[in-house]
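The structure under discussion appears below in the form of structure tokens.
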Amino acid sequence: QITERIIVLFVVINSQEEVQGKYVVCVLFFLWNLLDVVRYTYNMLARMGIYYLPLTWLNFSLCILLYPLSVLAKAFAICVSLPYFESFGTYSIKLPFPFAFSIYFPYVLKMYLLVLFIGMCFIIQNLFSERKAHLGTGDIKKKRS
């Protein structure tokens, strides 16, 4: 997660001034901060042995809703930055004669988008299994009998 944020923040957003003023950057920071406030508050209280049920539910439920939204915001930020990387040639490298190949950075970003969405599927599955482990199935009929 930290590597993911470093790539998006420093490589995609910080390197292109035109992208920094876009609304998607504000939305992305808002989603990241909202997720972190809930998660770190829950983890801090859990380390101290305090389990507040509404915060536990919020931690394991809100992440399932907001994580895909943050991935979509990251993907949109990358898509918005692609034309600037293509026109300016930022981070694109052409190696000298013995190697004779080049690295076109927009292609690297497009491959990263694919990995981002595949990784999102695995992380959401993990979030669902954590939610089930901590909160149970949520089946009221089973709990009553």
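Start at 1 with the first residue, then count along the sequence.
Under the 4.5 Å side-chain heavy-atom criterion for Ile, Leu, Val, Met, Phe, Trp and Tyr, Trp32 and Leu113 are members of the same hydrophobic cluster. Taking hydrophobic clusters as Ile, Leu, Val, Met, Phe, Trp and Tyr residues chained together by side-chain heavy-atom distances below 4.5 Å, Val12 shares a cluster with Val108.
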List, one per line, each side-chain donor-acceptor pair under 3.5 Å for residues 75-92, sequence neighbours excluded.
from	atom 1	to	atom 2	distance (Å)
Ser81	OG	Ala77	O	3.4
Ser81	OG	Ile78	O	2.8
Ser87	OG	Pro83	O	3.1
Ser87	OG	Tyr84	O	3.3
Thr90	OG1	Gln16	NE2	3.1
Ser92	OG	Phe105	N	3.1

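With a 4.5 Å cut-off on side-chain heavy atoms, Leu66 and Val38 do not count as touching. Side chains of Thr56 and Leu135 form a contact here, defined as non-hydrogen atoms less than 4.5 Å apart. Between Phe10 and Arg5 the shortest side-chain heavy-atom distance does not fall below 4.5 Å. Put simply, the side chain of Leu45 does not reach to within 4.5 Å of the side chain of Tyr40, judged on heavy atoms.
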Inset, instruction - Please assess Ile13 against Leu28 for the test side chain to side chain contact (heavy atoms under 4.5 Å, CB included), listing each intermediate value before the final yes or no. - result: CA-CA 11 Å; Ile13 296 172; Leu28 183 61; 4.1 Å; yes

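Listed for the Asn59 side chain is no donor-acceptor partner under 3.5 Å among the backbone atoms of Leu55. Distance alone, capped at 3.5 Å, is enough to place a donor-acceptor pair between the Ser70 side chain and the Tyr67 backbone.
Other residues, nucleotides and ligands place more than 12 heavy atoms under 6.0 Å from the CZ atom of Phe117. Counted within 6.0 Å of CZ on Phe29, heavy atoms from surrounding residues, nucleotides or ligands total more than 12; the atom is thus considered enclosed.
Checked against the 6.0 Å centroid threshold, Tyr42 and Phe60 count as a close aromatic pair.
Clustering of Ile, Leu, Val, Met, Phe, Trp and Tyr by side-chain heavy atoms under 4.5 Å joins Leu114 with Ile118, Phe122.
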